[in-house]
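Down below is the structure, laid out as structure tokens.
Residue numbering restarts at 1 for every chain, and letters A, B, ... go by the order of the sequence lines.
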There are 2 protein chains.
Amino acid sequence: MASVTIKDVAAAAGVGVATVSRVLTGTGSVSAATRAKVLAAAKNLDYRPSALGRSLKTQRTGGIGLIIPNISDPFCADFTAGVLACAHGQGGQVLIDVSHDDPAIEAEIVERFAEQRVDGIIAMPVRGRPETWKSVASLGLGLVFAGRTVEELPGTATVLADEAGGVRSVVEYLVGLGHRRVAFLGGRPAESSTRREHESVFRATLEELGVAVEEELVVRARPTADSAYAAAASLFMRRPDLTAVVAASHQLGEAAVLASRELNLRIPADVSIAVVDDVPWSELCDPPLTVVSRPAQDMGYRACELLLRSPGTREGGRAQGRPVVLPTELVVRASCGPVTGSTRTARGR
Amino acid sequence: MASVTIKDVAAAAGVGVATVSRVLTGTGSVSAATRAKVLAAAKNLDYRPSALGRSLKTQRTGGIGLIIPNISDPFCADFTAGVLACAHGQGGQVLIDVSHDDPAIEAEIVERFAEQRVDGIIAMPVRGRPETWKSVASLGLGLVFAGRTVEELPGTATVLADEAGGVRSVVEYLVGLGHRRVAFLGGRPAESSTRREHESVFRATLEELGVAVEEELVVRARPTADSAYAAAASLFMRRPDLTAVVAASHQLGEAAVLASRELNLRIPADVSIAVVDDVPWSELCDPPLTVVSRPAQDMGYRACELLLRSPGTREGGRAQGRPVVLPTELVVRASCGPVTGSTRTARGR
DNA sequence: GTGAAAGCGCTAACAT
DNA sequence: ATGTTAGCGCTTTCAC
């Protein structure tokens with residue numbers, strides 16, 4: 001019952017342990033006859049080499065620590081799928097845990113991964129706790145950020161989506177459709193740097209196109225469904241004259257859709273809605289949602305590649321240069337339309 | 001730069017390695033003064049005990065292997081969230097990989113997990129490769145199935161959702177609404193045993209309620225979006241007189257919704273649709289979908305608990321008795337309504 | 001081509 | 001209360 005070790009195999013094959021090791025790792029030279037004997041013995045005994053023993057000796061585990069805020073979020077899930085696809089192909093083991101965007105939990109996870117001696121960590125980092133990552137770097141294990149950056153650690157390998165480009169193109173699209181009073185539904189400034197960026201790109205693009213930015217049309221919600229809904233609803237009620245809204249996340253997009261339904265606003269006849277963040281159900285929505293979609297799975301795959309290829313996996317591998325930025329895509333479906341002559345105030349209810 | 005070991009800490013603190021170990025693991029007795037010295041030295045050196053060394057010695061890694069078919073599936077993702085919540089709380093490490101419902105991949109993952117010496121495995125097993133699991137059991141590591149069973153391994157710890165109860169209640173609900181020609185959109189028999197079960201419970205419940213089961217109304221699709229859509233569409237076209245359909249998975253439900261939209265069938269005025277399998281967007285659908293929902297996250301949590309509590313974690317822990325069956329819930333939203341007098345053939349288009 | 005032996009970092013007897 | 005030592009299962013010199 002006790003687990004069979006390399007020693008048992010060696011004994012059964014009538015050779016030394018070193019020979020067994022050579023055969024199994026493919027290192028050194030072994031005569032065909034011996035190799036066969038060893039293989040037979042191993043198969044016979046149902047031998048499984050212990051990664052523990054090997055890792056202790058070689059100082060590499062092949063482990064990859066993955067930290068995401070929330071596995072139930074479709075973007076995170078797809079990202080994870082990409083990481084798994086790459087890691088599996090390379091024979092890597094993926095350790096996963098969720099931070100719930102809590103810096104303390106994140107730090108704890110990093111600590112655990114460090115004790116496990118993972119070769120590297122892939123993370124969608126929480127804002128505002130750079131110490132956590134500095135310690136990772138100084139520990140000498142690989143580190144790749146994804147989806148977000150940590151300003152205090154420039155030069156760290158990073159995979160990003162071109163969200164700025166996405167926001168820009170959706171604004172251009174909307175303005176091209178004739179919209180002039182377009183609202184922005186975003187997250188609170190403190191939430192994340194990408195959210196801030198969304199907002200500033202929104203403003204900048206509008207200005208470039210010669211459309212005035214009305215402060216009243218730029219609203220921010222906390223990252224809860226209630227807050228998002230409240231923000232969307234009050235936006236619609238306060239400014240019945242707006243003709244389009246850009247939502248900065250799928251939660252905010254949902255809130256916008258729900259709120260407009262509740263207020264009997266037809267989409268896109270009364271109001272056009274575009275969401276920066278694709279979700280699997282955007283085409284099941286009625287009408288199907290026009291969105292900016294990020295290549296979640298590719299991002300995961302690339303992040304993992306970056307980590308594995310990372311020259312100094314255990315050699316303080318920082319300063320890998322500029323972030324990898326993957327293109328986003330404006331997926332035009334049916335939730336945005338041209339501005340109609342009818343004013344919103346003329347609608348039912 | 002070389003990683004600091006227990007020996008370094010011992011030297012720095014001026015004590016033996018055993019003392020350091022005692023302090024850090026909380027075992028044995030150590031004087032307050034020594035404890036302080038050791039702790040200080042450890043903190044100073046930024047020491048992180050190696051899980052590798054400990055695991056090799058103790059023969060337990062605290063690792064949990066999680067195998068799911070597809071992380072992008074919302075049910076699997078929520079299930080994973082539950083596993084992570086429980087494991088994190090217990091200090092367990094979760095290794096994750098996806099099988100894509102491929103028995104060969106599944107077997108390979110099990111093999112890898114075994115080499116990693118995980119303490120146990122939680123899996124949503126693929127049909128038809130019992131050998132894989134028999135070897136796990138004989139390896140002496142913990143095993144918990146979730147969501148599906150492996151007929152050849154009865155007695156293995158298992159967490160299930162009461163899908164039969166869910167199907168029954170949705171059929172009763174529909175019949176109570178006056179529906180008599182209700183269709184079943186299911187998976188191919190070979191796909192999985194739960195799908196088969198759905199179908200037979202569907203038939204049995206209908207019969208119990210004195211409603212004839214029409215073979216033409218029971219259709220099966222392969223697990224691809226195209227096949228599901230084709231099955232749904234042809235069902236609607238073949239039998240314009242049907243008034244309700246229960247779809248056995250979210251993919252099939254989506255197909256039903258899409259197909260009915262395409263055919264200009266109003267939900268629920270022309271046809272009622274119920275889905276066995278909740279998805280986050282069912283309330284965003286228009287109309288919001290009536291579904292049977294499984295407690296995905298609870299299932300994950302319970303599965304992990306079962307594994308951790310498992311008496312013989314490394315002692316051939318099989319034969320844990322009956323499966324844990326968690327209740328499903330019929331979530332009534334707006335996609336099912338009473339049968340109307342108007343016949344479907346009188347509808348627009 | 002193959003075996004013996006020295007550790008990798010840790011814990012658990014066993015001494016003291 | 002604390003130090004010494006023997007492995008856990010493996011890879012890798014170093015001899016032969």
Side-chain angles (χ1 to χ4, degrees), chain A residues 1-39 41-42 45-63 114-119 139-141 314, chain B residues 1-39 41-42 45-63 114-119 139-141 314:
Chain A
M1 270 303 82
S3 122
V4 15
T5 80
I6 197 175
K7 225 180 270 183
D8 302 320
V9 178
V15 301
V17 292
T19 303
V20 178
S21 177
R22 287 190 194 99
V23 171
L24 265 32
T25 63
T27 327
S29 43
V30 189
S31 79
T34 328
R35 151 169 287 113
K37 270 196 304 185
V38 170
L39 258 20
L45 298 175
D46 198 28
Y47 171 63
R48 269 170 197 76
S50 162
L52 256 37
R54 180 182 330 128
S55 297
L56 187 56
K57 181 66 183 176
T58 62
Q59 299 289 62
R60 316 193 56 258
T61 58
E115 295 199 358
Q116 295 296 323
R117 298 296 190 262
V118 295
D119 289 344
L139 237 52
L141 23 84
R314 288 196 67 85
Chain B
M1 269 304 81
S3 121
V4 17
T5 80
I6 198 175
K7 225 179 270 185
D8 302 320
V9 178
V15 300
V17 291
T19 304
V20 177
S21 177
R22 285 189 196 101
V23 171
L24 265 33
T25 63
T27 328
S29 43
V30 189
S31 81
T34 335
R35 152 168 289 112
K37 270 196 304 186
V38 170
L39 256 21
L45 297 174
D46 199 26
Y47 171 62
R48 268 169 198 78
S50 162
L52 256 38
R54 181 184 327 127
S55 297
L56 186 56
K57 178 64 183 177
T58 62
Q59 300 288 59
R60 318 194 56 258
T61 57
E115 295 199 357
Q116 295 295 322
R117 298 297 191 260
V118 295
D119 290 343
L139 236 52
L141 26 82
R314 289 198 65 85

Measure [atom1]/[X] against [atom2]/[N] and give the value in whole Å, please.
X	N	atom1	atom2	value
B:K7	D:dT4	NZ	C1'	12 Å
B:Q59	D:dG9	CD	P	5 Å
B:I6	D:dT5	CD1	P	16 Å
B:L24	C:dC10	CG	C1'	11 Å
B:R60	D:dG9	CZ	P	16 Å
B:K37	D:dA1	NZ	C1'	12 Å
B:L52	D:dT11	CG	P	13 Å
A:L56	D:dG7	CG	P	17 Å

Has the side chain of B:T27 got a donor or acceptor atom that lies under 3.5 Å from a matching backbone atom of B:R22?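 Pair absent, no side-chain N/O of B:T27 close to backbone of B:R22.
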Base, sugar-phosphate, or nothing: which does [X] touch, judged by heavy atoms less than 4.0 Å apart?
X	value
B:T34	sugar-phosphate
A:T27	nothing
A:S31	sugar-phosphate
A:G16	sugar-phosphate

B:A18 side chain, from C-beta outward: closest of D:dC10, C:dA12, C:dC10: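 Selected nucleotide (nearest to the side chain): C:dA12.
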Of the nucleotides C:dC10, D:dG9, C:dG3, which one has an atom closest to the side chain of A:S3?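 Per side-chain heavy atoms of A:S3, the pick is D:dG9.
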Taking OP1 and OP2 of D:dT11, is either one under 4.0 Å from a side-chain nitrogen or oxygen of A:S21?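 Yes, because at least one side-chain N or O of A:S21 sits under 4.0 Å from OP1 or OP2 of D:dT11.
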For a quick test of reading the model: is some side-chain N or O of B:T19 closer than 4.0 Å to OP1 or OP2 of D:dG3?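 Yes, B:T19 has a side-chain N/O under 4.0 Å of OP1/OP2 on D:dG3.
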When the nearest nucleotide of DNA chain C is assigned to B:A51 and to B:R22 on a heavy-atom basis, which residue is associated with the more 5' position?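 Result of the comparison: B:A51.
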Qualifying residue, where the test is side-chain contact (heavy atoms from CB on, under 4.5 Å) with B:V17 and the options are B:D8, B:V9, B:T5, B:I6: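 One option only clears the test, and that one is B:I6.
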Assign each of B:K57 and B:S29 to its nearest nucleotide of DNA chain D by heavy atoms, then name whichever residue's nucleotide is nearer the 5' end.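 Result: B:S29.
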In terms of the nearest nucleotide of DNA chain D, which residue is placed more toward the 5' end: B:T58 or B:V30?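 Nearest-nucleotide comparison on DNA chain D picks B:V30.
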What verdict does the side-chain contact (heavy atoms from CB on, under 4.5 Å) test give for B:R48 and A:L139, after you've listed the backbone C-alpha separation in whole Å, the side-chain angles of each residue and the deciding distance to 0.1 Å? CA-CA 10 Å; B:R48 268 169 198 78; A:L139 237 52; 3.4 Å; yes
Does B:D46 form a side-chain contact (heavy atoms from CB on, under 4.5 Å) with B:V4? I'd like the steps, not just the answer. CA-CA 8 Å; B:D46 199 26; B:V4 17; 5.6 Å; no
Quick check: do B:R117 and B:S55 have side-chain heavy atoms less than 4.5 Å from each other?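 No, too far: nothing below the 4.5 Å cut-off.
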